[in-house]
*Asks:* 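Got a structure here, written out as structure tokens. Questions coming.
Just follow the structure's listing: the first ligand is 1, and inside any ligand the first atom is 1. Note that this is a predicted model, so its numbers are computed, not measured.
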Amino acid sequence: MTTVTTQPPTALTIAGSDSGGGAGIQADLHTFAAHAVHGTSVVTSVTAQNTLGVTDVHPVPPETVSAQLDAVLSDFDVRAVKTGLLPDETILSIVAERAEAGDLPELVVDPVLVAASGDKLFTGDFGAYLERLSPHTIVFTPNIHEAQALLGGEITGLDDMREAARALARYGSQAVLVKGGHGKDPEKATDVLWTQGQILELSAPRVDTPNTHGTGCTLASAIAARIAHGHPVAQAVGGAKRYLTEALTAAASWRLGAGPGPVHHHHGRKSTVL
Ligand SMILES: Nc1ncnc2c1ncn2[C@@H]1O[C@H](COP(=O)(O)OP(=O)(O)OP(=O)(O)O)[C@@H](O)[C@H]1O
Ligand SMILES: Cc1ncc(CO)c(N)n1
């Protein structure tokens with residue numbers, strides 16, 4: 001049987017490798033594939049990690065990060081870019097220079113500062129994210145802890161999340177999504193989106209699951225994938241959140257490791273082996 005397929009748009013993830021396969025580059029490429037997007041990748045860092053935590057972080061040499069960027073950007077028509085783990089300020093600067101040069105279209109920035117396990121993943125000054133990347137960003141996606149680390153102060157509820165989104169938007173990002181996965185509401189997972197001067201709340205039922213590893217990477221990649229398909233920001237964010245809630249629900253009974261495991265990125269698709 002011959003299947004005729006439409007050519008997929010290309011997206012790029014600039015992120016770290018997660019040996020456990022649930023977050024980072026691995027989550028991003030799964031998510032792009034699930035959205036019928038061709039995924040290209042620039043590996044910034046190799047982490048040794050599993051569902052229990054991170055045991056080693058090895059930044060890729062800056063010239064190898066630049067060479068990967070050159071290779072991808074000189075050949076592919078990249079429609080959207082997502083950044084995840086940028087291990088230090090040198091690598092953040094390389095990415096920021098490409099953004100300043102206009103080489104990174106529709107840039108979704110997930111500021112990966114500290115792993116869920118508490119391990120520090122970005123060794124630089126957090127302000128570099130705001131000063132260097134935000135002016136070139138279409139959607140900036142901190143979680144509550146990252147927003148606190150970037151702004152100072154404490155975020156204890158929805159009012160604080162709204163205020164944080166407004167404050168982060170002043171650094172120039174076209175939209176800011178403050179993610180509420182670590183919020184206290186047992187019923188709902190509510191994120192706050194600032195876009196075009198307006199605040200929107202995106203709520204989904206809180207899925208009862210231990211498997212939340214890589215939710216932030218998955219959400220940001222799904223946003224980038226939808227933008228690569230031409231969706232406007234608010235629609236891309238809403239669609240990405242629905243995709244993630246389904247991925248969390250579909251993997252709730254999985255026990256792939258002893259700690260918080262990955263989500264089911266391909267929940268919408270029948271496996272070719274089954
Ligand atoms: N149990 C859950 N049920 C439904 N949605 C969830 C749940 N946990 C997290 N989310 C959603 O997942 C997305 C990522 O949010 P979160 O605040 O966990 O990001 P993160 O901390 O960056 O992720 P990561 O754990 O990958 O570092 C948000 O849309 C959040 O609302
Ligand atoms: C490589 C990598 N990127 C991002 C995160 C955040 O979930 C992680 N744990 N590992």
*Asks:* I'd like to check which ligand 1 atoms, numbered from 1 as shown, lie under 4.0 Å from a non-hydrogen atom of Lys241.
*Replies:*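 With Lys241 as reference, the close atoms of ligand 1 come out as 29 (O), 30 (C), 31 (O).
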*Asks:* Has Cys217 got any heavy atom lying under 4.0 angstrom from an atom of ligand 2?
*Replies:*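 Contact check Cys217 vs ligand 2: positive.
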*Asks:* Looking only at heavy atoms, is any part of Ser17 under 4.0 Å from ligand 2, and if so is it the side chain, the backbone, or both, or is it neither?
*Replies:*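 Just the backbone.
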*Asks:* Just let me know how Asp110 lines up against ligand 1, side chain, backbone, both or neither, with a heavy-atom cut-off below 4.0 Å.
*Replies:*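 It is neither; nothing of Asp110 touches ligand 1.
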*Asks:* Between Arg79 and Asp77, does at least one N-O distance fall below 4.0 Å, as a salt bridge requires?
*Replies:*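 Asp77 and Arg79: salt-bridged.
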*Asks:* Check whether Val263 and Leu219 end up in the same hydrophobic cluster, where Ile, Leu, Val, Met, Phe, Trp and Tyr are linked by side-chain heavy atoms less than 4.5 Å apart.
*Replies:*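 Yes, same cluster.
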*Asks:* Below 3.5 angstrom, do we get any N/O pair linking Leu244 and ligand 1?
*Replies:*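 No: no nitrogen or oxygen of Leu244 is under 3.5 Å from one in ligand 1.
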*Asks:* For ligand 1, note which part of Leu219 has a heavy atom under 4.0 Å away: side chain, backbone, both or neither.
*Replies:*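 Side chain only.
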*Asks:* In ligand 2, which numbered atoms sit nearer than 4.0 Å to a non-hydrogen atom of Gly16?
*Replies:*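 Within the 4.0 Å cut-off of Gly16, ligand 2 contributes 1 (C).
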*Asks:* Heavy-atom pairs closer than 4.0 Å: do any link ligand 1 to the side chain of Leu202, the backbone, both, or neither?
*Replies:*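 Contact part for Leu202 vs ligand 1: neither.
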*Asks:* Looking only at distance, does Gln49 have an N or O less than 3.5 Å from an N or O of ligand 2?
*Replies:*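 Among all N and O atoms of Gln49, at least one is under 3.5 Å from an N or O of ligand 2.
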*Asks:* I'd like to know if Pro260 contacts ligand 1, where contact means a heavy-atom distance under 4.0 Å to any ligand atom.
*Replies:*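 Judged by the 4.0 Å heavy-atom criterion, Pro260 does not count as contacting ligand 1.
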*Asks:* Geometry only, no angles: is Gly181 polar-contacting ligand 1 at N/O separations under 3.5 Å?
*Replies:*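 Yes; the residue has a nitrogen or oxygen that sits under 3.5 Å from a nitrogen or oxygen of the ligand.
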*Asks:* Angle class for the His267/His264 ring planes (parallel below 30°, perpendicular above 60°, tilted otherwise)?
*Replies:*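 Judged by the thresholds at 30° and 60°, the geometry between His267 and His264 is perpendicular.
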*Asks:* Should you measure from each heavy atom of Lys179, which atoms of ligand 1 turn up under 4.0 Å away?
*Replies:*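 Every atom of ligand 1 under 4.0 Å from some heavy atom of Lys179: 14 (C), 15 (O), 17 (O), 19 (O), 20 (P), 22 (O).
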*Asks:* Would you say Gln68's side chain and Val43's backbone share a donor-acceptor pair under 3.5 angstrom?
*Replies:*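 Yes.
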*Asks:* Please classify the Ala23 to ligand 1 contact at 4.0 Å (heavy-atom distances, strictly less than): side chain, backbone, both or neither.
*Replies:*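 It is neither part, as no heavy atom is under 4.0 Å.
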*Asks:* Just wondering, are more than 12 heavy atoms of other shown residues or ligands nearer than 6.0 Å to CD in Glu63?
*Replies:*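 Counting other residues, nucleotides and ligands, CD of Glu63 exceeds 12 neighbours.
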*Asks:* Should the pair His30 and His265 be assigned to parallel (<30°), tilted (30 to 60°) or perpendicular (>60°) ring geometry?
*Replies:*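 Answer is parallel, since the angle falls under 30°.
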*Asks:* Select the closest option to atom 7 (C) of ligand 1 among Asp208, Leu248, Asp191, judged by heavy-atom distance.
*Replies:*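 Comparing heavy atoms across Asp208, Leu248, Asp191, the nearest one to atom 7 (C) of ligand 1 lies in Leu248.
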*Asks:* Out of curiosity, does Leu168 fall in the hydrophobic cluster containing Val192 (side-chain heavy atoms, cut-off under 4.5 Å, transitive links)?
*Replies:*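 Yes, one cluster joins them.
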*Asks:* Are Glu89 and Arg132 within salt-bridge range, i.e. N to O under 4.0 Å?
*Replies:*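 No salt bridge links Glu89 with Arg132.
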*Asks:* Taking only heavy atoms of Thr212, which atoms of ligand 1 are found under 4.0 Å from at least one of them?
*Replies:*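 Those atoms are 25 (O).
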*Asks:* One thing to verify: whether Arg206 and Asp185 come together as a salt bridge, which I'm taking to mean a side-chain N less than 4.0 angstrom from a carboxylate O.
*Replies:*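 Looking at Asp185 and Arg206, the cut-off is not met.
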*Asks:* Looking only at distance, does His213 have an N or O less than 3.5 Å from an N or O of ligand 1?
*Replies:*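 The answer is no, given that His213 and ligand 1 share no N or O pair closer than 3.5 Å.
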*Asks:* Output, in order, the C-alpha distance, side-chain angles, deciding distance and verdict of side chain to side chain donor-acceptor pair (under 3.5 Å) for Glu154 and Thr156.
*Replies:* CA-CA 6 Å; Glu154 232 193 298; Thr156 55; 6.0 Å; no
*Asks:* Using distance alone, determine whether Glu146 and ligand 1 share an N or O pair under 3.5 Å.
*Replies:*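 In this structure, Glu146 places no N or O atom under 3.5 Å from an N or O of ligand 1.
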*Asks:* For Asn143 and ligand 1, does the shortest N/O to N/O distance drop below 3.5 Å?
*Replies:*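 Yes - when backbone and side-chain N and O of Asn143 are compared with those of ligand 1, one distance drops under 3.5 Å.
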*Asks:* Run the numbers for me: atoms of ligand 1, each under 4.0 Å from some heavy atom of Ala189, listed by number.
*Replies:*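 Taking each heavy atom of Ala189 in turn, ligand 1 has 4 (C), 5 (N), 6 (C), 31 (O) under 4.0 Å.
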*Asks:* Which of the atoms in ligand 1, numbered in the order shown and given with their element, are less than 4.0 Å from a heavy-atom of Gly214?
*Replies:*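 Those atoms are 26 (O).
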*Asks:* Ser221 pairs by side-chain hydrogen bond (donor to acceptor under 3.5 Å, both in side chains) with which of Asp110, Thr31, Asp28?
*Replies:*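 Result for side-chain hydrogen bond (donor to acceptor under 3.5 Å, both in side chains) with Ser221: Asp28.
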*Asks:* Begin with the C-alpha distance, continue with both residues' side-chain angles, and end with the deciding distance and a verdict on side chain to side chain contact (heavy atoms under 4.5 Å, CB included) for Thr13 and Val42.
*Replies:* CA-CA 6 Å; Thr13 168; Val42 167; over 6 Å; no
